[in-house]
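Okay, structure first, notes after.
Quick caveat: nothing in here was measured; it's all calculated off a predicted structure. Proteins get letters first, then strands, A, B, ... in listed order; numbering begins at 1 in each.
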Number of protein chains: 2
Amino acid sequence: MSDLLERLRGRGWRMTSQRRVVAEVLDGDHVHLTADEVHARATQRLPEISRATVYNTLGELVSLGEVLEVATDGRAKRYDPNAHHPHQHLVCSNCGTIRDVRLSGNPLSNLPADERFGFVVAEVEVTYRGLCPDCA
Amino acid sequence: MSDLLERLRGRGWRMTSQRRVVAEVLDGDHVHLTADEVHARATQRLPEISRATVYNTLGELVSLGEVLEVATDGRAKRYDPNAHHPHQHLVCSNCGTIRDVRLSGNPLSNLPADERFGFVVAEVEVTYRGLCPDCA
DNA sequence: CTAGCTGCAAAGCCTTTGCATAAAT
DNA sequence: ATTTATGCAAAGGCTTTGCAGCTAG
């Protein structure tokens, strides 16, 4: 359990009950919820919260750099609150489950400047695809 | 220009004019088209081809392992015909352009067996995100 | 007070599906 | 002849948007 809410307050983020609930639902380790799952959990605490607000809030957290969007082929995007600790993902090709892993080296250093085709590279995303223990 | 069509014939893939056109449009280096772009280009050669057929065909090429799906956050999926030469992607966060790059080492070896959480890992996907020369 | 967030409902984009017709082997 | 692909149109999932009203600061 990290301090997502505290960080947001510290950045002067306007706080509302909806935003607080979204941030609370999202916070934690190995959390990779879809927008719909976030909405479902938020609804348990705040029955009137709308899908639009969940989407707005998630979009904002992503812009702020406090939450990462994880694109999984075909399925709905997932949201990862662990944006401040670089990590990689193990994704199950069957059920879509995601697990965080942490590698030793820095994958960015694998791409020398002279192979970047003029791109200004900001981040690297490493995804291991396969079957999770349950599906294998 | 590789020999996608030849490989497909060799595998006993039932050939139709629609499928041929899709495979032709897709073939080549540094090609990363969306389904809609494939349809647009295919339509130039074969005006009656339907979107459904393009989607069906793309899905089949992916199942056959001849084409890779590239998920880009939010935007439509892109299709990469270069499935037989392992490579990584440089993706522009602004315009979505994709470029292939080839690293020296094998990224899979970066994840030791004891950090796989019981997953049977089949492949690694490495994506470098940043701004392309035009957008930077 | 007032900038800006919320909820609703409608629309949007991308993709899939069902079924009758057409074509490949 | 038989099996499989095609096209159409409709539906589906996920996400965004417009706007009137509400709320935090």
### Query
side chain to side chain contact (heavy atoms under 4.5 Å, CB included) with A:T72: which of A:T34, A:T97, A:I98, A:T127?
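Single pass found, and it is A:I98.
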OP1 or OP2 of [N] less than 4.0 angstrom from a side-chain nitrogen or oxygen of [X], does that happen here?
| X | N | value |
| --- | --- | --- |
| B:T53 | D:dG7 | yes |
| B:Y55 | C:dT15 | yes |
| A:Q18 | D:dT23 | no |

Figure out the [atom1]/[atom2] separation between [X] and [N], and round it to whole Å.
| X | N | atom1 | atom2 | value |
| --- | --- | --- | --- | --- |
| A:E37 | D:dT15 | CD | P | 11 Å |
| B:L46 | D:dA5 | CG | C1' | 13 Å |
| A:L33 | D:dC14 | CG | C1' | 16 Å |
| B:W13 | C:dT25 | CH2 | P | 11 Å |
| A:K77 | D:dG13 | NZ | P | 18 Å |
| B:R11 | D:dT4 | CZ | C1' | 18 Å |
| A:N56 | D:dT17 | CG | C1' | 9 Å |
| B:R19 | D:dT6 | CZ | P | 5 Å |

### Query
5'-most contact on DNA chain C: B:T16 or B:R75, nearest heavy atom basis?
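Nearest nucleotide further toward 5': that of B:R75.
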### Task
Please check if any side-chain donor atom of B:H32 sits under 3.5 Å from a side-chain acceptor atom of B:H30, or the reverse.
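On atom types as modelled, these side chains do not qualify, holding no pair under 3.5 Å.
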#### Entry: Any side-chain donor near an acceptor of the partner, A:H87 and A:N82, under 3.5 Å
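No pair is found: no donor N or O on one side chain lies under 3.5 Å from an acceptor on the other.
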### Task
Among B:R75, B:R51, B:K77, find the residue that satisfies the salt bridge (charged side-chain N to carboxylate O under 4.0 Å, His left out) test when tested with B:D36.
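Answer to the salt bridge (charged side-chain N to carboxylate O under 4.0 Å, His left out) test with B:D36 among B:R75, B:R51, B:K77: B:R51.
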### Query
Would you say the side chain of A:R14 and the base of D:dA24 hold a donor-acceptor pair, judged only by whether the two atoms sit under 3.5 Å apart?
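Per atom types, the contact qualifies.
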### Message
Once you apply a heavy-atom cut-off of 4.0 Å, does B:A76 come out as touching a base, just sugar-phosphate, or nothing?
### Response
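Sugar-phosphate contact only.
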### Of the listed nucleotides C:dT15, C:dT6, C:dT25, the one nearest the side chain of A:T57
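For A:T57, the side-chain atoms sit closest to C:dT6.
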### Message
Could you report the tightest heavy-atom contact between B:F119 and A:V91, atom names first, then the distance?
### Response
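Nearest pair, atom of B:F119 first, then A:V91: CE2-C, 3.9 Å.
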